[in-house]
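In what follows, a single structure is set out as structure tokens and then discussed.
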Protein chains: 2
Amino acid sequence: MELKPIAERFVLHWGEMGSRWGVNRTVAQVHALLYLAGRPMDAEEITETLGVARSNVSTSLKELQSWNLVRVVHLKGERRDHFETSADVWELFKLIVAGRRQREIDPTATALRECLANPAIADEEEGTRQRIEDTLKFIEIMSSLADEMLRYKPETLMKTLGVSARISQAIRRKE
Amino acid sequence: MELKPIAERFVLHWGEMGSRWGVNRTVAQVHALLYLAGRPMDAEEITETLGVARSNVSTSLKELQSWNLVRVVHLKGERRDHFETSADVWELFKLIVAGRRQREIDPTATALRECLANPAIADEEEGTRQRIEDTLKFIEIMSSLADEMLRYKPETLMKTLGVSARISQAIRRKE
DNA sequence: CCTTTTTTTCTGTTTTTACAGAAAAGTCTG
DNA sequence: CAGACTTTTCTGTAAAAACAGAAAAAAAGG
């Protein structure tokens, strides 16, 4: 598949964005491509479309599968694995948030708890302990918010976000 | 200043987290150090504490200032610039969100709008156009939510987040 | 099973990013 | 404005990440 100009721009921009958020550029590109294509593609086709090495695509697909962003499907009469992603942005967002929470936020919270539980904390300034505690509290609140979001079906999540924006306005008016 | 064990762990972990989110490790470490220290430090002291090159600290401080996360202060009787950050996690979060929105999210939204406004969009599959539109819509909703958050004083933001979590639960119960 | 197709892993190269040290520029003080 | 101190910029090096191509492994077909 040869990318048309607009799709190409989208895919390249997405790769660029990935880089800025700590996601490998090719990984982001592969995902953007599957998202835009809206149909299962095999690794060979992805390779040709993006113009990267086959091995690179294989690795990227593995990575995307580990985030639950991409799944393997088999098409009848086809031997090759095909890969697809959800066409639902909200669902994708949900998966990304869940993944980053599990891989980065949770371990950080654990590390902070360990810091606070460590007897050596007594050697630190009181203010230091307080700020570590504040940071942990912040992370916990954010995590529980994320939890809430992750419980919804994507469509509901969208509505909920709209609601909370409106409520925020109402609260602000009272201040 | 010699870092005590707990503070060191915090600073190193924060640097590691930075890397994963597209922030230079030293930049993240410098910020974590200023946050934990809870007092203005000069570049020389930061250099010694972190064990990195002076030039590196200079660059990192510039970067942090451009995000409004760190500001210069002058202490009486001291010739050197001193640097401090807010001790308020919420305020820091606000600044980071504002920065990333401005530097990454807004330009992405602009790019997507350009894609949709481009006559060449007619050559793409209908589904492709639809998904680009969905993506833009998603970004716009998220941005307006971010806007809401950024308007509050940090303490209010915290309360608001608590509120929206409770509201989410209420909505879910009705489903 | 053996052959072919497909996928994954491994290894070396390239590219990018981070960084240190030196040089330059700027600032303050007397 | 001379000299010392401080900060920034520049340049080369080192480290890390991304990547391509080849080799190996796995899966499917006959």
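Below, read A as the first sequence line, B as the second, and so on, with proteins coming before strands; counting in each chain starts at 1. What's counted below: heavy atoms across the whole structure, side chains too, no hydrogens, waters or symmetry copies. Just so it is clear, the model here is predicted, and its values are computed rather than measured.
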For A/Arg113, is there an ion pair with A/Glu140 - N to carboxylate O distance below 4.0 angstrom?
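Looking at A/Glu140 and A/Arg113, the cut-off is met.
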Between A/Glu133 and A/Arg129, is the closest basic N to carboxylate O distance under 4.0 Å?
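The answer is yes: the pair qualifies as a salt bridge.
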[X] [atom1] to [N] [atom2], straight-line distance once rounded to whole Å:
{"X": "B/Arg79", "N": "C/dT27", "atom1": "CZ", "atom2": "P", "answer": "12 Å"}
{"X": "A/Glu16", "N": "C/dT15", "atom1": "CD", "atom2": "C1'", "answer": "14 Å"}
{"X": "B/Glu78", "N": "D/dT7", "atom1": "CD", "atom2": "C1'", "answer": "15 Å"}
{"X": "A/His82", "N": "D/dA28", "atom1": "NE2", "atom2": "C1'", "answer": "15 Å"}
{"X": "A/Arg20", "N": "C/dT16", "atom1": "CZ", "atom2": "P", "answer": "15 Å"}
{"X": "B/Arg80", "N": "C/dT29", "atom1": "CZ", "atom2": "C1'", "answer": "16 Å"}
{"X": "B/Asp81", "N": "D/dT7", "atom1": "CG", "atom2": "P", "answer": "5 Å"}
{"X": "A/Gln29", "N": "D/dA20", "atom1": "CD", "atom2": "C1'", "answer": "15 Å"}

Please name the residue in the list A/Val27, A/Val72, A/Val30 that meets the side chain to side chain contact (heavy atoms under 4.5 Å, CB included) test with A/Leu61.
A/Val30
Start with the C-alpha gap between A/Leu112 and A/Thr135, add the side-chain angles, then the distance that decides, and say whether side chain to side chain contact (heavy atoms under 4.5 Å, CB included) holds.
CA-CA 8 Å; A/Leu112 295 183; A/Thr135 308; 3.8 Å; yes
Go through residues 36-75 of chain A and report each residue with a non-hydrogen atom lying under 4.0 Å from DNA chain C, sorted by number.
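Only A/Arg54, A/Ser55, A/Ser58, A/Lys62 qualify.
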More than 12 heavy atoms of other groups within 6.0 Å of B/Gln102 CD
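At most 12 heavy atoms, drawn from other residues, nucleotides or ligands, come within 6.0 Å of this atom.
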Check step by step if salt bridge (Lys or Arg N to Asp or Glu O under 4.0 Å) holds for B/Glu84 and B/Arg39.
CA-CA 6 Å; B/Glu84 67 173 8; B/Arg39 61 173 175 85; over 6 Å; no
Looking at A/Arg25, does any N or O in its side chain come under 4.0 Å of the phosphate oxygens OP1/OP2 on D/dC19?
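It does, given that an N or O in the side chain of A/Arg25 lies less than 4.0 Å from OP1 or OP2 of D/dC19.
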